[in-house]
Amino acid sequence: MREPRAPSLLAAALLAVGIGAPYALAQVDPLGRSILFVRGADGTGGPGDTENLSDIDNFSTLPGNHGFGWLRTLLELDGFTVSQHVESTSPLTLPLLLPHRIVVMGSNNGLFSTPEVDAFDQYIDAGGSALFISDANWGPLWGAAAISDNLFLARYGAQVYQDSGQAALLLRADPGRFLLPDHPVLSGPDGAGGASDVDAYDGEGISLFQVLPSTSAYQAFSIVSATGLLVRLNTPDGSFGPTQPAGPNDSAMIVVETPETRIVGHFDRNTFFNANGAGTDLTHWHNGQLALDLFRYLASVRAQIQSVGSGCGAGGTPTLSANPPALGGVQIFALTGAAPNAPGFLFLGMGAAAPAPLPGGCVAQVPPVGLTALPAPNTNAAGAWTLPIPIPQYLSLSGLVLTVQAATLVPGGPLLGIGEASNGLQLRLGYPQ
């Protein structure tokens, strides 16, 4: 796991005000830390699977186990809260799903009703995220899991095939295997390499995905190629289908992205089994790192930036600009058009911009909650400065909204007669665009 960067001035300011949940993006589960695993009913695991379908309460390390208990522990140690819903206990409803940032269709095999599928779609539309994993042993029929997942996936431009029965080791070093090698699922939040990289992961009895045209606002795309692997075709009745080589629209991992939601399709449950799990498990290759990167990504939102208002200057228009605030990246603030050779400050407040007119004609954009003043460089002879500030990789910051504004001290300036102010920048911390 990549070590967090040392807290910067920005990080210190965020920590000082508590990184409060009320200022996170308004979405399902605003903290972005709750995961709901959906599994099939007890005793429906199919031939040879007597451990209730990858149960998060199963911590067995016996040879050939099918437990997700170690995955649960890994996620809880990373700050997630984890719970489970068993299909037979109650239907999927919007109130059941909305408290969670991520829903894992991880061992389901039921034939969901139209209202249940609609509830899932409404959850996604509200900003939820989801992970789909299929498997042959998830049901009384070979294709039961694929049939269940495909009730949901068509809207998002994808379908999952039946389990091919094939084992696969996927390597970053294989030419063309990782189609988007810097994607956060494969490289962590910064996409720059290092300890959060996934260079190799595997599965045993894999279920590949096909990317299809979508008529909705969502469209799946592939980030890991299925080249050289086999797909087992679906059949109308869920019986054992024939195999064929994967085609150009087939994928070992699919992603659906919008600014608010993510959906990922991963090709096997065995990747995440407890130690000594059947076929493979979390301790093999970089499977554990893949799990962390995958769930951190699913919990994230996209970094965004918006300029609000305009500056007021002594002789020009001070303008503040910056790159989108990506977790694990460096935020470069740049001020131009200000008075030359003047001391400066960067003001930060938690939440969306809150315009407030000030005497002299300037407008304060920074909200008062957690108001913090950070020292900025003096402007140069051209009335400009740049200020780089590292943003930590703390996932708890994902979705956090804050507003910043620059000010320079200028005697007789329009800001209370002692300075000038830039426009404001409303920032949402998240993953790179």
Side-chain angles (χ1 to χ4, degrees), residues 37-40 45-49 51 53-56 58 64-71 74 104-109 130-139 142-150 153 158-172 174 177-178 185-186 198-210 220 222-234 241 243 246 250-255 263-295 298:
F37 282 77
V38 178
R39 75 159 172 85
D49 192 349
E51 293 179 280
L53 300 157
S54 305
D55 194 287
I56 65 170
N58 179 353
N65 76 79
H66 302 90
F68 269 8
W70 278 36
L71 174 62
L74 180 72
V104 182
M105 308 302 285
S107 58
N108 53 292
N109 58 16
L131 172 64
F132 285 87
I133 318 171
S134 193
D135 195 274
N137 282 342
W138 287 351
W142 187 270
I147 289 173
S148 181
D149 282 346
N150 287 332
L153 285 171
Q159 72 161 339
V160 65
Y161 291 107
Q162 290 185 9
D163 187 328
S164 71
Q166 184 181 26
L169 171 62
L170 305 186
L171 304 174
R172 179 182 293 269
D174 288 346
R177 177 62 72 194
F178 286 10
V185 171
L186 303 174
V198 174
D199 293 326
Y201 69 93
D202 68 344
E204 190 276 328
I206 59 174
S207 300
L208 297 175
F209 291 80
Q210 183 183 33
S222 178
I223 66 170
V224 180
S225 167
T227 301
L229 304 176
L230 294 176
V231 298
R232 187 177 302 281
L233 300 179
N234 295 319
T243 60
D250 298 330
S251 174
M253 188 179 294
I254 59 164
V255 169
I263 300 173
V264 174
H266 171 68
F267 73 167
D268 194 29
R269 63 171 178 161
N270 302 51
T271 308
F272 306 127
F273 282 159
N274 304 337
N276 301 311
T280 185
D281 59 58
L282 273 174
T283 69
H284 285 201
W285 304 100
H286 290 167
N287 294 355
Q289 187 61 51
L290 174 65
L292 284 174
D293 287 351
L294 178 58
F295 280 92
L298 287 167

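For clarity, every value in this text was computed on a predicted model and none was experimentally measured. Every heavy atom of this structure was used, including side-chain atoms; hydrogens, water molecules and symmetry mates were not.
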Spacing of CG belonging to Leu74 relative to CG belonging to Leu292, to within rounding of 0.5 Å: 4.0 Å

From CZ (Phe295) to CG (Leu71), nearest 0.5 Å: 5.0 Å

Nearest heavy-atom neighbours spanning Asp135 and Ala145: O-CB, 3.2 Å

Closest heavy-atom pair and its distance - Ala158, Ala220: CB-CB, 4.0 Å

Check: Asp202 main-chain N/O paired with Thr271 side-chain donor or acceptor under 3.5 Å: yes

Residue list, salt bridge (charged side-chain N to carboxylate O under 4.0 Å, His left out) with Asp199, at least two apart or on another chain: Arg172

Backbone N/O of Thr280 and side chain of Asn270: donor-acceptor pair under 3.5 Å: no

Parallel, tilted or perpendicular, as decided by the 30° and 60° cut-offs, for the rings of Phe37 and Phe68: perpendicular

Aromatic ring pairing His266/Tyr201, orientation class (parallel under 30°, perpendicular over 60°, tilted between): tilted

Shortest non-hydrogen contact between Tyr161 and Ser207, atoms and distance: O-CB, 3.6 Å

Euclidean distance, Asp268 CG relative to Phe273 CZ, rounded to 0.5 Å: 7.0 Å

Closest non-hydrogen atom pair, Leu186 against Ile223: CD1-O, 4.0 Å

Side-chain (Asn150) to main-chain (Val160) donor-acceptor, under 3.5 angstrom: yes

Donor-acceptor contact below 3.5 Å, side chain Asn274 vs main chain Gly69: yes

Student check: side-chain heavy atoms of Leu290 and Met253 closer than 4.5 Å: yes

Under 3.5 Å donor-acceptor, Trp142 side chain and Asp163 backbone: yes

Heavy-atom side-chain contact between Gln210 and Val231 under 4.5 Å: no

Heavy-atom closest contact (Ala252 atom, Leu170 atom, distance): CB-CD1, 3.8 Å

Pair Ser54, Ser107: side-chain N/O donor-acceptor within cut-off below 3.5 Å: no

Pairwise distance NE2(His284) to CD(Glu204) - rounded to 0.5 angstrom: 11.0 Å

Asn108/Asp149 under side-chain hydrogen bond (donor to acceptor under 3.5 Å, both in side chains): CA gap, chis, key distance, verdict: CA-CA 8 Å; Asn108 53 292; Asp149 282 346; 2.9 Å; yes

Close side-chain approach of Asn234 to Ile147, heavy-atom, < 4.5 Å: no

Arg177 side-chain N/O to Thr227 backbone N/O, donor-acceptor pair under 3.5 Å: yes

Between CZ on residue Phe272 and CG on residue Leu131, distance to nearest 0.5 Å: 6.5 Å

From CD1 (Ile133) to CG (Leu294), nearest 0.5 Å: 7.5 Å

Expected output: side-chain Asn287 to main-chain Asp281 donor-acceptor under 3.5 Å: yes

Side-chain touch Thr283/Trp70, heavy atoms, less than 4.5 angstrom: yes

